[in-house]
Enquirer: 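Before anything else, here's the structure in question.
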Amino acid sequence: MARRRLSRQQQRRIRAGQRAEAGRDDSRHGRIVSHQGKRVLIELAPGETGKAQIRANLGTIVCGDRVAVETTTGGEFRVVAVLPRDNLLQRVDGFGQVRAVAANISRLFVCLAIAPEPNLLLLDEYLLSAEQQEIDAHILLNKIDLAADVDDPFDLRRIYAPLGYPVLHTSVKSGVGMEDFERSLPDQVSVLSGVSGVGKSSLTQYLLPDEDIKIAALSAHGDEGRHTTRASRLYHLPCGGDLIDTPGVRGFNPFVDDARPLAQGFREIRAHAADCRFNDCRHADEPGCAVVAALGTGAIAPSRYRSYLKLLQRPTAAG
Ligand SMILES: Nc1nc2c(ncn2[C@@H]2O[C@H](COP(=O)(O)OP(=O)(O)OP(=O)(O)O)[C@@H](O)[C@H]2O)c(=O)[nH]1
Ligand SMILES: [Mg+2]
Ligand SMILES: [Zn+2]
């Protein structure tokens with residue numbers, strides 16, 4: 001019995017997928033705009049959104065997912081299948097649970113601010129995840145109006161621009177850098193991610209003045225533990241492209257794919273690793289390590305190497 005039930009379920013799933021592929025009218029495609037608890041908000045056509053239930057055992061559904069949707073006999077929408085993803089940005093929370101952040105994204109903005117002060121390990125963890133999922137990452141340093149050194153606070157440009165990561169300086173308050181930010185959004189599905197209080201929702205609100213977006217009322221200084229945004233949400237931008245505002249994270253802990261060596265996720269370590277004496281060099285304390293040599297000449301930033309070592313030594317959820 002159990003076997004038959006399972007195979008029927010599988011057949012139904014396949015049929016739903018086929019119907020969705022064929023675009024027949026009893027199953028439509030939609031996109032997850034937001035996900036709260038057991039319900040999701042889906043967009044079925046431009047400007048046409050609706051609440052939907054989720055069929056049991058569908059697995060992870062996340063903002064940005066493309067889904068097949070059916071109308072139930074009661075006239076409600078129900079998500080019946082998740083269509084194949086281009087990518088899935090996920091992290092491991094403080095309890096070791098894997099959490100999906102967003103799916104089918106083309107650009108990740110790792111959002112930092114003058115205050116709360118950036119955590120470079122967290123930044124490197126985001127960049128590692130973006131490398132693994134082949135997502136184009138930009139670094140955005142917000143609240144530049146609060147900076148004493150407006151040239152290159154925290155040396156972000158010095159460290160990351162040579163690696164090919166654009167570093168944007170913005171201020172929602174003064175408007176500095178907002179044009180650069182807007183220019184990087186058209187034709188992309190972008191995600192704003194980072195700790196609480198850096199101004200992700202403020203940036204979103206700036207681009208969408210007609211939306212009513214919740215923003216922390218008080219200065220975020222010393223308030224990082226408070227999360228103002230509760231669920232990710234996808235918006236269409238007037239300047240073109242889509243933007244996903246996400247809730248702040250405390251830590252990121254990228255979901256490390258053990259099949260890929262950690263060094264692959266660090267662009268400069270990957271580049272130097274080819275010259276190490278040993279093929280399986282971990283770039284920790286092996287003789288003839290080209291990465292350690294590059295650290296000595298200043299070709300690799302100490303903070304980046306420290307992040308690499310910390311991640312190398314940390315037990316991951318995957319392993
Ligand atoms: N000085 C200054 N304050 C800013 C700027 N951008 C945002 N803020 C303030 O920073 C605080 C936090 O802003 P939010 O947009 O709610 O931050 P968030 O990143 O969305 O936070 P979570 O939703 O909790 O993840 C608010 O008090 C904003 O007014 C800026 O450019 N300069
Ligand atoms: Mg927010
Ligand atoms: Zn090495």
Side-chain angles (χ1 to χ4, degrees), residues 34 63 91 99 101-102 109-119 122 126 140-148 150 153 168-181 191-209 211-235 243-252 261-264 266 268-297 299-300 304-305 308-309 312:
S34 82
C63 197
R91 64 186 181 91
R99 299 214 174 266
V101 179
F109 287 92
V110 186
C111 297
L112 310 169
I114 300 298
E117 197 170 303
N119 171 341
L122 181 68
Y126 269 113
L140 187 153
L141 180 66
N142 190 36
K143 307 196 192 181
I144 202 75
D145 55 285
L146 300 178
V150 287
L168 297 176
H169 289 173
T170 62
S171 167
V172 178
K173 205 168 178 185
S174 75
V176 165
M178 293 305 286
E179 277 180 17
D180 289 343
F181 177 45
V191 172
L192 301 183
S193 201
V195 299
S196 239
V198 294
K200 301 176 296 295
S201 298
S202 304
L203 289 156
T204 309
Q205 179 78 79
Y206 182 96
L207 299 167
L208 294 154
E211 293 278 346
D212 186 14
I213 299 168
K214 216 165 167 223
I215 286 165
L218 299 168
S219 151
H221 200 69
D223 262 0
E224 299 99 273
R226 289 232 310 249
H227 297 270
T228 304
T229 304
R230 293 277 162 196
S232 296
R233 169 109 195 195
L234 183 145
Y235 300 94
L243 186 72
I244 299 176
D245 180 18
T246 69
V249 296
R250 264 175 207 275
F252 186 77
L262 186 62
Q264 289 294 316
F266 286 74
E268 69 281 52
I269 294 180
R270 182 167 74 207
H272 285 95
D275 299 325
C276 292
R277 186 179 305 163
F278 301 111
N279 267 341
D280 59 352
C281 186
R282 290 160 69 245
H283 325 301
D285 46 17
E286 293 87 343
C289 175
V291 171
V292 173
L295 186 70
T297 66
I300 291 181
R304 288 278 290 171
Y305 184 67
Y308 169 78
L309 279 189
L312 190 68

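In each ligand, atom 1 is the first atom listed, and ligand 1 is the first ligand listed. These numbers were taken from a predicted model, which means no experiment stands behind them.
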Enquirer: Using a strict 4.0 Å cut-off to heavy atoms of Val172, name the atoms of ligand 1 that fall inside it.
Expert: 6 (N), 30 (C), 31 (O)
Enquirer: Where does Pro247 meet ligand 1, judged by heavy-atom distances below 4.0 Å: at the side chain, the backbone, both, or neither?
Expert: backbone
Enquirer: Please list, in number order, the atoms of ligand 1 under 4.0 Å from a heavy atom of Lys173.
Expert: 1 (N), 2 (C), 30 (C), 31 (O), 32 (N)
Enquirer: Are the side chain of Lys200 and the backbone of Val195 linked by a donor-acceptor contact shorter than 3.5 Å?
Expert: yes
Enquirer: I'd like to know: is the Mg ion (ligand 2) within the 2.8 Å range of an N/O/S atom from Thr229, strictly under that distance?
Expert: yes
Enquirer: Hey, what's the ring geometry for Phe266 with Tyr308, parallel, tilted or perpendicular (30° and 60° as the breaks)?
Expert: perpendicular
Enquirer: Does the Thr246 side chain pair with the main chain of Leu192, one donor and one acceptor, at a distance under 3.5 Å?
Expert: yes
Enquirer: Which atom name does His283 have for its N/O/S atom nearest to the Zn ion (ligand 3)?
Expert: ND1
Enquirer: How about Thr204 and Tyr235: does a side-chain donor come under 3.5 Å of a side-chain acceptor?
Expert: no
Enquirer: Is the side chain of Glu211 donor-acceptor paired with the backbone N or O of Gln205 at a distance under 3.5 Å, no angle test?
Expert: no
Enquirer: With a cut-off of 2.8 Å, does Ser201 place any N/O/S atom under that distance from the Mg ion (ligand 2)?
Expert: yes
Enquirer: Show the atoms of ligand 1 that are less than 4.0 angstrom away from any heavy atom in Leu146.
Expert: 1 (N)
Enquirer: Pull out every atom of ligand 1 sitting under 4.0 Å from any heavy atom of Asp145, numbered as shown with elements.
Expert: 1 (N), 2 (C), 30 (C), 31 (O), 32 (N)
Enquirer: Spell out, as yes or no, whether a donor-acceptor pair under 3.5 Å connects the side chain of Lys143 to the backbone of Ala115.
Expert: yes
Enquirer: Rounded to the nearest 10 degrees, what's the angle SG of Cys281 makes with SG of Cys276 at the Zn ion (ligand 3)? Could you check?
Expert: 120°
Enquirer: Which bit of Asn142 is near ligand 1, meaning a heavy atom under 4.0 Å away: side chain, backbone, both or neither?
Expert: side chain
